[in-house]
Amino acid sequence: MMRIDILTLFPNMFSGFLEESIMKRAIDAKLVDIHIIDFREFSTSKHKKVDDYPYGGGAGMVLQVQPVYDALRSIKGYREALKIIVSPQGVPFTQPIAYEYSSHDHIIILCGHYEGYDERIRSYFDVELSIGDYVLTGGELAAMVLVDAITRVVPDVINNDESHIHDSFNNHLLEHPHYTRPREFDGQEVPEVLVNGHHQKIEEWRLQQSLAKTKKRRPDLYKKYLEDKNDETT
Ligand code: ADE
């Protein structure tokens, strides 16, 4: 079973997330074991302080190294674990990283707050990841994004079928449109090919739809798709 420890100052933010839907199922099925650690409890200061003013001056507070260091060392097996910091300065988190991390036995994620981390915190972690080019009030939502994306590709979390093999991004393409009943709603019809087409025609239609959507919305992904395709044929 994969173990994930999350170091946070706001443990309650994780309750809904871990108690619903696929995350709950994965935990109940003992496919993942998730521990939330409030690292404020490890502060050795009088009022359990975890932040302080920046050396050199400037706006905002900086997360101190001591509480993080002691919380980290309280986790059994922390030396061998993959240790991740989430921050807007990290490298972009992507689907291939989710797949790669899903085979790790033990992951530790640190959620930051305040203006930043004392730089020395970084020396105890292996990698720094960002979930996108925007700034959140804290790392908790980013940690949940990581945990969610990694958990859903852990073997057996999503039923044996192939539902994540066709995911957007596995082949650099966005997904084709989907339809379910009814066949007509408010004057909008399900495309004829999906109702009457045979298998090959449907696959052709879906690929064409994927290509058109990707080219329009994500020219960056479309370029990668074409490059990969060229590599295959040369
Ligand atoms: N913390 C604040 N903003 C973040 C982001 N975009 N990604 C990861 N962690 C963050």
Side-chain angles (χ1 to χ4, degrees), residues 2-18 20 22-23 26 32 34-43 48-56 58-72 75 78 81-104 106-154 167-169 174 217-218 220-221 224:
M2 173 178 200
R3 176 176 170 132
I4 303 176
D5 290 276
I6 300 168
L7 300 171
T8 174
L9 295 171
F10 298 94
N12 293 339
M13 286 183 73
F14 292 87
S15 26
F17 169 60
L18 297 175
E20 300 286 348
I22 293 173
M23 286 306 308
V32 287
I34 299 180
H35 297 257
I36 307 296
I37 301 168
D38 181 355
F39 64 88
R40 184 181 299 282
E41 290 171 10
F42 291 83
S43 171
K48 299 237 175 279
K49 211 164 59 81
V50 292
D51 62 324
D52 209 334
Y53 296 100
Y55 274 114
M61 302 295 271
V62 175
L63 190 61
Q64 293 177 289
V65 64
Q66 178 273 321
V68 174
Y69 179 81
D70 285 332
L72 191 59
I75 300 168
Y78 81 96
L82 174 71
K83 295 175 275 296
I84 303 169
I85 293 183
V86 286
S87 98
Q89 279 112 55
V91 300
F93 178 64
T94 57
Q95 191 63 36
I97 300 178
Y99 277 111
E100 188 193 327
Y101 290 180
S102 68
S103 62
H104 278 263
H106 190 183
I107 292 175
I108 300 172
I109 305 174
L110 172 64
C111 308
H113 263 265
Y114 313 113
E115 272 308 293
Y117 299 92
D118 185 311
E119 189 63 24
R120 292 165 293 188
I121 290 174
R122 295 196 160 87
S123 68
Y124 306 106
F125 287 80
D126 302 303
V127 59
E128 188 162 340
L129 296 176
S130 165
I131 62 159
D133 289 341
Y134 38 79
V135 182
L136 306 166
T137 57
E140 283 72 17
L141 284 170
M144 287 185 240
V145 166
L146 258 60
V147 170
D148 188 285
I150 293 167
T151 301
R152 76 183 275 283
V153 294
V154 165
D167 285 348
S168 288
F169 308 122
L174 301 181
R217 292 189 190 169
R218 294 291 305 272
D220 56 320
L221 289 182
K224 278 196 192 141

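Index from 1, following the sequence. Below, all heavy atoms of this structure are taken into account, side chains as well, without hydrogens, waters or symmetry copies. Note that ligands are numbered from 1 as they come in the structure, with each ligand's atoms numbered from 1 the same way.
Closest to atom 6 (N) of ligand 1, if we only count protein heavy atoms, is Tyr134 O, 2.8 Å. Given atom 9 (N) of ligand 1, the protein heavy atom at minimum distance is Ser87 N, 3.2 Å. Scanning all protein heavy atoms for the shortest distance to atom 7 (N) of ligand 1 gives Ile131 N, 3.0 Å.
If you take CD on Gln64 and CG on Asp118, they are separated by 8.0 Å, rounding to the nearest 0.5 Å. Here the straight-line distance linking atom CE of Met2 with atom OG1 of Thr151 works out to 6.5 Å at 0.5 Å rounding. Once rounded to the nearest 0.5 Å, the distance linking CG of Asp5 with CD1 of Ile84 reads 11.5 Å. Interatomic distance, Tyr101 OH to Ile150 CD1, rounded to the nearest 0.5 Å: 7.5 Å.
With contacts defined as side-chain heavy-atom distances shorter than 4.5 Å, the pair Lys83/Leu72 qualifies. Counting heavy atoms from C-beta on, the side chains of Thr137 and Phe10 never come closer than 4.5 Å.
Looking at Asp38 and Arg40, no side-chain N of the basic residue comes within less than 4.0 Å of a carboxylate O on the acidic one, giving no salt bridge.
With a heavy-atom cut-off of 4.0 Å, Ala142 touches ligand 1 through its side chain alone. Contact annotation: for Leu129 versus ligand 1, heavy atoms closer than 4.0 Å belong to the backbone alone.
Between atom 10 (C) of ligand 1 and the options Gly132, Ser130, Pro88, the minimum heavy-atom separation is to Pro88.
Ligand 1 has no atom lying under 4.0 Å from any heavy atom of Gly90. Ligand 1 lies out of reach of Val145, whose nearest heavy atom is not under 4.0 Å from it.
Ligand 1 has a nitrogen or oxygen under 3.5 angstrom from a nitrogen or oxygen of Leu136.
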